[in-house]
Amino acid sequence: MPAARRDSAGRAGSAPYVQQKLSFSHSKPGASAPLGKTTKKSTSVPGSRKQTDTPPPPPVQEELLDESSDEEEEQEARTPTLPPKSVENVKRAKLDVQDKAGKFGPYWTEAQERMGHQDPVHGKDESKVYRMLRVFDLSYEYGPCIGMSRLERWERAEAMGLEPPPEVREILMTEEGTKDARLAQCIYFETDA
Amino acid sequence: MLEELPIPSHPCARPSLPVHGSDLKTAFDLGPNAKSYKQQYANIYFIRLAKLRKAVEARARAKWSNVDGNPKYVQRVLDVQKGELCYIIGTVYMDMPLKPNVLEDISKDHWIAAPPPRPKIYSPDDSAMLEDESGRIRLVGDRVTRSRPVTGVIMGALGAETAKGDFEVVDVCWAGMPPQPKAEGEDEMDVDEEGQKGEWVALTSGLDIGGSAAPSDMRIELLVELLTSELGGNDSQSETARISRLILAGNSLTPPIRQEELIKKRYGYDSSSYSPAPTLSLAAHLLDLSRSMPVHLLPGASDPAGATLPQQALPKAMFGDVKKASGFSCETNPCWIPLEGCLMLGAGGQTIDDIFRYVDTDDRLEMARNTLLWRHIAPTAPDTLWCYPFSDRDPFIITTTPHVYFIGNQPRFETSIVRGADGQQTRIILLPRFSQTGEVALVHTGTLEVRKLTIELGGWEAVKRE
């Protein structure tokens, strides 16, 4: 005869293993968030149930880390000159989209020349940096822009000796330049997925 | 119970040249990260033009700078002026009406059967165009048709624009053969009786194991015994004992022939079409061979290695015990085999078969020679030859001239030596299918001499005819 099942109401002291639940009410950290934050918060369950430290929490975090390191590994395999991104807390510069400091001056003048010193017809609200990146995308010397991120295209042009503008690389290595898809990917990339 | 025969870790039966660890060995490896097919093929054409343009420009300048009329180099194809003698460099695109066009296929009626594929898509209505980043221009003149370009070749054309907007071509120029590495003098190599340094390498292709013809099995057995020097008398054994490497250039396995149409099972695999016998048979032959010499196995069109070029190496684990032998190596298709003193470049045959469809001649040696002059072994990729969408390199561009260039699975055995403008020389060998002809080519890496061995089954074939 099978042992009588203990019902959940009669639990006391040593509770049998209860499977943990994921909490969707807490805000999940993003894939590229620094390592320190994603410890046990994501799987904490509101309530006072005693929980043993069991396997479920780490795989969730490892999954998040795996996604981010996968795409970085892909990028690294294709563009070996990138600095190693294994440390999540790499400090990147902030980007000023209007470039008030004038750091990207030389390429801005070249971009203006290519556009004939005119504003784009429907793009009066575009920032300087956005326009510079668009001109970089549409410069035919560096090859087709579709299908790869701007940084990959820059690295490819550099490896082929085509001398791409260093200001564009500076922009792409800033914090906004790496995270924001509108800056990191080419203009034909669908950003609202 | 007999003990298993130990497999020597080194094929110590005869000395062979070591294979250099050079960058070229992994030139066609896609790597574990290259599984994405999201890239567009335009990248390949951009890289090809960017990398070969300088070489074509240097050669064009050397060839045409002293011509009457003082032609100058026009950077962009669309910037040519009417009537002015100039030269332009770009990628050739052949506009061929017989080339299979997917839009025409869709627009045809659904219930008309598709016509059988033609052996050649060449027609007299073909027109050549030269294209670069700015645009395209049509090339006219019989100098172009005589030079027989194919789509994807980087070409320089000297001429002038006509009133209609076409470019009348007076002379064409390719990149030419790239520089060849000089063989450094090494004293520890095996010197054979003529005093020449080098070794004899056996090349064959098209073993086609798995087809239902019994004579081909017999031929392969004889081939294995011949190469391991178990066949023949003393003098022929001493000759074949000098063969110190074997290269199988594609199509070692065939897809199994389905005898009748069986009812396809909905779930599970259809066991009538899968049989491990061909692979086991090939593995047994390779085991015998790799005990006495290093063996290189290239995949071909009928091997289970993927349909796009460059075909990746077959996994060694597929062949069982052979994977422990250090002399056995699976190569990509195409592949570089850098031996000491001799650089070999090999392909399974798909590249030349595709170029064959574009031209009106049948001279495959000429096509192979042209691929060296164009500095690109598969110019029709990705247009009509399936190819992986590379985004940062084009591995089919040749940067050094090989000493031996072999192509497998061709209709006939043909060979010649091609000499370049700067003293390069290459031995081109076209290998026929072993299952049909029984021919094996032997090439000496030092002198580039070629001999042909033929294995015939006179008695067996006589029995068959009765």
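Just so we're on the same page: letters track the sequence lines, and every chain starts at 1.
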Visitor: To the nearest 0.5 Å, what is the distance between CZ (Arg76(B)) and OH (Tyr140(A))?
Guide: 4.0 Å
Visitor: Considering only heavy atoms, which portion of Leu49(B) lies under 4.5 Å from any heavy atom of chain A: side chain, backbone, both, or neither?
Guide: neither
Visitor: Please round to the nearest 0.5 Å and tell me the distance separating atom CD of Glu133(B) and atom OG of Ser139(A).
Guide: 11.5 Å
Visitor: Can Met148(A) and Asp392(B) be said to form a side-chain contact (heavy atoms from CB on, under 4.5 Å), step by step?
Guide: CA-CA 10 Å; Met148(A) 47 172 60; Asp392(B) 53 352; over 6 Å; no
Visitor: Ser391(B) and Arg156(A): which non-hydrogen atoms are nearest, and at how many Å?
Guide: O-NH1, 2.7 Å
Visitor: About how many Å separate CE of Met160(A) and CZ of Arg393(B), when rounded to the nearest 0.5 Å?
Guide: 13.0 Å
Visitor: Quick one: side-chain contact (heavy atoms from CB on, under 4.5 Å) partners of Ser329(B), sequence neighbours excluded?
Guide: His296(B), Glu331(B)
Visitor: For Glu141(A) and Phe46(B), run side-chain contact (heavy atoms from CB on, under 4.5 Å): C-alpha distance rounded to whole Å, both residues' side-chain angles, the deciding distance at 0.1 Å, then the answer.
Guide: CA-CA 9 Å; Glu141(A) 303 93 30; Phe46(B) 162 69; over 6 Å; no
Visitor: Partners of His122(A) by side-chain contact (heavy atoms from CB on, under 4.5 Å), sequence neighbours excluded?
Guide: none
Visitor: Got a sec: does the NZ of Lys164(B) have more than 12 other heavy atoms crowding it under 6.0 Å?
Guide: no
